[in-house]
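Below is one structure, written out as structure tokens; the observations come after it.
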Amino acid sequence: MSVESTELDERDRADMQRLASGHEAALNDLMERHGPKLFNYLIRCLQNEEDAADAAQETFARVYQNRAKFDTSQRFSTWLYAIATNSVKDRYRYRTRHPQVSLDAENEATGSDFRESLPERGPTPSDSFAAEERAEMVRRAVAALPEDLRVPLLLSEYEELSHAEIGAILKCSAKAVETRIYRARQQLRLSLAKLLMTG
């Protein structure tokens, strides 16, 4: 673990202690530090900016409600992502029971995440279009993965968490996380191969 992340953990712990003892401003510090990254994770999970914003608010509301239960021997970020992941599960259960809610709500911000790694300048318009089309295919293929495979893949690829941290969030072993990520990648390869053949 880097010095920077150890320092961050210390600040998080201190803020959680402040929050538990009645200093509500500590929640703002936690939200400033973790909010943007958490919001990106939630957009990738839910494929909808409005749902992601609601889930982020709900996550920090739960942090506040459970401030006295936080165990300072664990990392705040692990606890935060566990709460957020439960919120995502609740939303998927809701969507399953209320299917009129579009599972593939279109949103400009959603597709852009996959394009972050593309070069800034140089590509022709047709190159750009092909790259955008590929990014959209990847986004749809990830969204189509079953939740038990999609969530560990997102936490690993985009949040850059270790298998052990993901295991703590999902309450399973690091080995189980590794297996799920492997299966998620296999499924992605298959579905993308099919899309490219039909495309």
Side-chain angles (χ1 to χ4, degrees), residues 12 16 19 27-28 30-67 69-71 74-116 135-163 165-173 176-177 179-181 183-185 187-188 191-192 195:
D12 290 342
M16 279 309 291
L19 191 61
L27 185 64
N28 295 338
L30 290 163
M31 285 168 80
E32 263 172 46
R33 264 202 307 281
H34 295 278
K37 206 165 181 233
L38 183 76
F39 181 60
N40 283 333
Y41 164 65
L42 291 165
I43 283 182
R44 289 189 183 103
C45 283
L46 296 164
Q47 299 291 314
N48 177 310
E49 204 169 299
E50 218 170 284
D51 277 359
D54 288 348
Q57 277 184 325
E58 200 175 288
T59 300
F60 282 109
R62 287 186 191 172
V63 164
Y64 182 74
Q65 287 160 359
N66 297 298
R67 60 196 181 280
K69 295 181 191 152
F70 176 68
D71 172 4
Q74 68 170 316
R75 295 186 70 185
F76 173 75
S77 57
T78 305
W79 188 61
L80 181 71
Y81 279 94
I83 294 171
T85 302
N86 284 333
S87 180
V88 167
K89 284 180 184 164
D90 292 346
R91 275 162 207 284
Y92 271 99
R93 272 196 291 272
Y94 179 84
R95 285 177 180 180
T96 309
R97 286 197 301 267
H98 303 81
Q100 79 275 13
V101 178
S102 165
L103 275 173
D104 196 15
E106 273 314 308
N107 191 301
E108 289 80 30
T110 316
S112 66
D113 294 327
F114 288 101
R115 294 197 287 270
E116 288 164 351
E136 179 62 17
M137 277 181 176
V138 171
R139 190 179 72 74
R140 284 174 188 268
V142 169
L145 285 172
E147 187 187 345
D148 66 322
L149 302 184
R150 185 181 62 249
V151 169
L153 182 74
L154 290 172
L155 287 169
S156 168
E157 291 295 316
Y158 295 103
E159 305 312 312
E160 296 170 6
L161 298 181
S162 70
H163 291 173
E165 286 173 301
I166 298 167
I169 289 167
L170 301 178
K171 296 182 174 45
C172 64
S173 68
V177 168
T179 305
R180 287 184 200 178
I181 291 171
R183 283 177 43 221
R185 288 197 177 120
Q187 279 195 31
L188 272 183
S191 55
L192 286 169
L195 284 169

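We use all heavy atoms of the structure for the numbers below, so side chains are in, but hydrogens, waters and symmetry mates are not.
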Tell me, with the steps shown, if Arg185 and Glu157 meet salt bridge (Lys or Arg N to Asp or Glu O under 4.0 Å). CA-CA 11 Å; Arg185 288 197 177 120; Glu157 291 295 316; 2.2 Å; yes
List the steps and the verdict of side chain to side chain contact (heavy atoms under 4.5 Å, CB included) for Met137 and Ser191. CA-CA 9 Å; Met137 277 181 176; Ser191 55; over 6 Å; no
Minimum heavy-atom distance Phe39-Ala53, with the two atoms named: CE1-N, 3.5 Å
Taking the side chain as every heavy atom from C-beta outward, state whether Leu161 and Ile169 have any pair of such atoms under 4.5 Å apart. yes
State which residue, out of Leu153, Val142, Leu149, fulfils the side chain to side chain contact (heavy atoms under 4.5 Å, CB included) condition with Gln187. Leu149
For Lys69 and Asn66, which I'm curious about, is there any donor-acceptor pair between the side chains at under 3.5 Å? yes
Return the CG to NZ distance between Leu42 and Lys37, rounded to the nearest 0.5 Å. 12.5 Å
Charged N to carboxylate O under 4.0 angstrom, Arg75 versus Asp12? no
For residues Leu192 and Ala141, report the shortest heavy-atom separation together with the two atoms involved. CD2-CB, 4.0 Å
How many angstroms lie between CH2 in Trp79 and CE in Met16, if you round to the nearest 0.5 Å? 4.0 Å
Report yes if the distance between the aromatic ring centroids of Tyr158 and Tyr41 is under 6.0 Å, otherwise no. no
If you round to the nearest 0.5 Å, how far is CG of Leu80 from OG1 of Thr85? 9.0 Å
Between CZ on residue Arg180 and CG on residue Leu145, distance to nearest 0.5 Å: 13.0 Å
I'd like to know if the side chain of Arg67 and the backbone of Tyr64 have a donor-acceptor N/O pair within less than 3.5 Å. yes
Looking at residues at least two apart in the chain, or sitting in another chain, which of them share a ring-ring contact (aromatic ring centres under 6.0 Å, His included) with His163? none
Close side-chain approach of Met31 to Val63, heavy-atom, < 4.5 Å: no
Shortest non-hydrogen contact from Cys45 toward Leu154: SG-CD1, 3.5 Å
Glu159 side chain vs Ser156 backbone, donor-acceptor pair below 3.5 Å: no
Would Tyr81 and Glu165 count as a side chain to side chain contact (heavy atoms under 4.5 Å, CB included) here? Give the steps. CA-CA 10 Å; Tyr81 279 94; Glu165 286 173 301; over 6 Å; no
Less than 3.5 Å apart, which donor and acceptor atoms pair up between the side chains of residues 55-62 and the rest of the protein, not counting sequence neighbours?
residue: Glu58; atom: OE1; partner: Arg91; partner atom: NH2; Å: 2.7
residue: Glu58; atom: OE2; partner: Arg62; partner atom: NH2; Å: 3.2
residue: Glu58; atom: OE2; partner: Ser87; partner atom: OG; Å: 2.9
residue: Thr59; atom: OG1; partner: Ala55; partner atom: O; Å: 2.7
residue: Arg62; atom: NH2; partner: Asp90; partner atom: OD2; Å: 3.2

Got a second to check how far Leu155's CG is from Ser162's OG, nearest 0.5 Å? 10.5 Å
Nearest 0.5 angstrom please: Ile166 CD1 to Glu160 CD, how far? 11.0 Å
In sequence, state the C-alpha distance, the side-chain angles, and the governing distance for Glu147 and Arg150, and then conclude on salt bridge (Lys or Arg N to Asp or Glu O under 4.0 Å). CA-CA 5 Å; Glu147 187 187 345; Arg150 185 181 62 249; 5.1 Å; no
